[in-house]
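In what follows, a structure is listed as structure tokens, so that the remarks can point back to it.
Chain identifiers are assigned alphabetically (A, B, ...) following the order of the sequence lines, protein sequences preceding nucleic acid strands; residue numbering begins at 1 within each chain. Every value quoted in this text rests on a predicted model; they were computed, and no experiment measured them. When reading the values below, keep in mind they use all heavy atoms of this one structure, side chains included, and skip hydrogens, waters and symmetry mates.
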Amino acid sequence: MFIFNLFLMNNLYILSPLSQFEVVNLIGIDAPILGHLHISLTNLALYSIFIFIVVIGLHVYANNDSKLIPNKWSISLESSTASLNTMVKEQIGIQSEKYFPFIYSLFFYILIGNLISNVPYSFAVTASGVVSLGLSFTIFIGVTILALSIHGVKFFAFFIPAGTPLSLVPLLVLIELVSYLARAVSLGVRLFANIVAGHTLLKILSTYLFKLFSGNIIVAIITLIPFAIFLALIGLELAVSLIQAFVFTLLVCSYLRDAIELH
Amino acid sequence: MGHGCHGRQYDKSFQTDAIFFQALSLSYVTVDHEMLESVPMRSPQIFQLSRKQNKAVVRFHLSPSHVLTCTQPTLTTWPCTSRLCKLPLSMASRIAFGSLRAAARPRALAALPRALSARSMATNPPPPSERASEIIEKLPSSPSLVTKTGTALLGVGAAAAAISQELYVVNEESIILIASIIVFTYIGKVMREPYVQWAEGHVQRIKKILNDARAEHTGAVKERIESVGQMKDVVSITEALFALSKETAKLESETFVQQQKVTVASEVKAVLDSWVRYEQSLKEAQQADLTKSVIDKVLFSLQDEKTQKDILSSAVAEVEQLVKSKAI
């Protein structure tokens, strides 16, 4: 019976490719005090801490002791700062300096989160709906509050495109409102869906490859061909990590510009 | 003058299916005839060629049935008159161009002389023994072979133990691990050199800008110092000029006073002169009047006879006097 179970474990029990995204408790305190206290460190929290440490560590290390002449590390950071600054300036305009630190932090958080998720055996923080949608909803609410504080009631003119016939106003307001609200979801879902899709694909393919490599020697040799494609996909995942971080921040800039300028 | 078999010096005899030589001239690629006399030679082929240094390395393929036993460390000589070993220029060139076309990249050609001197088999992959020793060299430990073997054994043993004890489970994630290591290493290798060049370029550009700015600033400061230096005597000169101007003013005032005095004096003189002239003219007029009156009186008195007589008598008396004195 035990052997049969082992056989089942080894051959039939395959983890879902989505199980890698599950948030699990690593260490926790579950005590019947203070209204049943429950504090736990999840893998999500642990990797968020890793992201924080890596981002801070990168900036401390690449600070190059605040020297005027950069070294090979700090020049990369300076270059990325300059690129981001250009992007923010192009998108937001003259008030870009105010929002640049926020955009910069957001970019590096998402970028490092995505890159850490590419390390084998790690956890993809940005593939978590809580993180991605939490970020996008927070930004959406913040941007809306910003627009209301700048424009007051005039903000609602945003939902009526210029030159709309009066009869079409109710319909268009509805459409524009839905489109505006959809931003909150689309921003987060875009990031989370891309990362989930990439990691799931790699997981499924690696499962197949593992099965093929575990077969006889000829099959294992032939499997080197799909393995080459798998290598390319890992490279693609690295590119997606960078692109998604860039797209996320670019869209946040665009929403900020809408909030500041109202078209 | 050439390299020995496979570019190495051998103490002992060895066996090979191909031998490599390096000759100094393209006109005749020569091989020691003593070694090759008994060897049936197939398709001599220029293996490497450097026109610049006029060198060629020739590979002679030997038939498999004639495995060569070589006892001499250096196998080629120059000059060599052996008929068997001579290759005419045209043939050598023809073969050489065929080889050159294959390796026609300028970088490869430029690196050829260096490769020739360093290793006669530059385009050939290194022998397996060298490759193996390179891999062994990469193992982390002190240079001795024992510790390297130990490291390799320990690594393999530890991995095997970890897998057998299920400390490490080989599953699909291992595939991702291996693939990731390959991709990360590849990206690291590919990106490293261009990134370093780009970063160095940027750093040098920033350094140049800063150094230029520093030099420009130094120049500006020097120029300023020089321009200020030109004005270093300005205080003393100004003081001297002020003293001079004070003196000039004083002299001018004195001159003015003197001029006033001169004017007054000349005025006074003019007045006095006119007075003198007046007095003189007055005097002249009086004298003229007096003279006229005297002449008139004398003329009047001359008209008196008594006077005329007195004069005449006195004149006679005088003449007499003169005669008496015998003056005449």
Side-chain angles (χ1 to χ4, degrees), chain A residues 6 9-10 13-17 19-20 62 64 67-79 82 115-123 198-214 220 223-224 226-239 242, chain B residues 125 128 131 135 155-156 158-221:
Chain A
L6 201 67
M9 286 282 285
N10 281 338
Y13 180 65
I14 297 170
L15 282 173
S16 159
S19 65
Q20 58 174 323
N64 192 21
K67 282 176 187 159
L68 194 58
I69 295 174
N71 62 10
K72 284 172 202 163
W73 278 91
S74 59
I75 194 82
S76 68
L77 212 56
E78 281 181 20
S79 177
L115 288 177
I116 283 181
S117 72
N118 285 314
V119 175
Y121 298 103
S122 70
F123 177 77
H199 283 66
T200 310
L201 178 66
L202 290 187
K203 194 75 174 178
I204 292 168
L205 289 178
S206 66
T207 309
Y208 283 130
L209 286 171
F210 178 63
K211 292 284 173 199
L212 289 169
F213 274 125
S214 311
T223 311
L224 286 174
F227 184 69
I229 300 168
F230 186 70
L231 292 180
L233 281 173
I234 287 186
L236 183 72
E237 272 307 294
L238 286 175
L242 181 66
Chain B
R131 183 87 187 123
I135 294 169
V156 174
I163 291 167
S164 66
Q165 295 294 314
E166 292 191 356
L167 291 173
Y168 179 75
V169 180
V170 179
N171 56 10
E172 70 281 351
E173 198 71 23
S174 308
I175 303 290
I176 298 180
L177 176 68
I178 294 163
S180 297
I181 289 169
I182 293 170
V183 171
F184 293 163
T185 312
Y186 176 74
I187 290 173
K189 274 192 173 177
V190 169
M191 296 289 286
R192 187 183 160 79
E193 196 54 38
Y195 175 75
V196 167
Q197 277 180 3
W198 170 82
E200 282 293 328
H202 262 271
V203 170
Q204 289 306 321
R205 191 170 59 84
I206 291 167
K207 264 188 193 171
K208 188 176 176 300
I209 289 169
L210 289 174
N211 284 334
D212 287 354
R214 188 179 293 151
E216 201 175 319
H217 179 72
T218 312
V221 168

Does any heavy atom of chain A fall under 4.5 Å from the side chain of B/Ile206, the backbone, both, or neither of them?
side chain
Honestly, the part of B/Tyr195 sitting under 4.5 Å from a heavy atom of chain A is side chain
Could you go through the side chain to side chain contact (heavy atoms under 4.5 Å, CB included) check for A/Tyr121 and B/Ile176 one step at a time?
CA-CA 9 Å; A/Tyr121 298 103; B/Ile176 298 180; over 6 Å; no
Between B/Ile175 and A/Ser206 the two heavy atoms that sit nearest each other are CG1-O, 4.0 Å
Go through it in stages, so that I can follow the logic: the residues are A/Lys72 and B/Val203, the test is side chain to side chain contact (heavy atoms under 4.5 Å, CB included), and I'd like the CA-CA distance, side-chain angles, deciding distance and then a yes or no.
CA-CA 8 Å; A/Lys72 284 172 202 163; B/Val203 170; 5.8 Å; no
Got a second to check how far B/Glu173's CD is from A/Gln20's CD, nearest 0.5 Å?
7.0 Å
Looking only at heavy atoms, which two atoms of B/Val170 and A/Phe210 are closest? And how far apart?
O-CZ, 3.3 Å
Side chain / backbone / both / neither for A/Phe227 at chain B, heavy atoms under 4.5 Å
side chain
Tabulate, in ascending numerical order, the residues of residues 212-221 of chain B having at least one heavy atom closer than 4.5 Å to a heavy atom of chain A, or enter 'none'.
none
For the candidates B/Ile181, B/Ile187, B/Ile209, B/Asn171, which exhibits the highest count of non-hydrogen atom pairs separated by less than 4.5 Å from chain A?
B/Asn171
Which value, rounded to the nearest 0.5 Å, describes the distance between A/Ile234 atom CD1 and B/Ile178 atom CD1?
10.5 Å
With a 4.5 angstrom heavy-atom cut-off, could you sort out which part of A/Ser76 is near chain B: side chain, backbone, both or neither?
both
Spacing of B/Glu172 atom CD and A/Ser214 atom OG [to the nearest 0.5 Å]
10.0 Å
Quick check: are there more than 12 heavy atoms from other residues, nucleotides or ligands sitting under 6.0 Å from OH of A/Tyr208?
no
Distance from B/Asn211 atom CG to A/Ile69 atom CD1, nearest 0.5 Å?
6.5 Å
What part of A/Leu238 is in contact with chain B, defined as an atom under 4.5 angstrom from a non-hydrogen atom: side chain, backbone, both or neither?
side chain
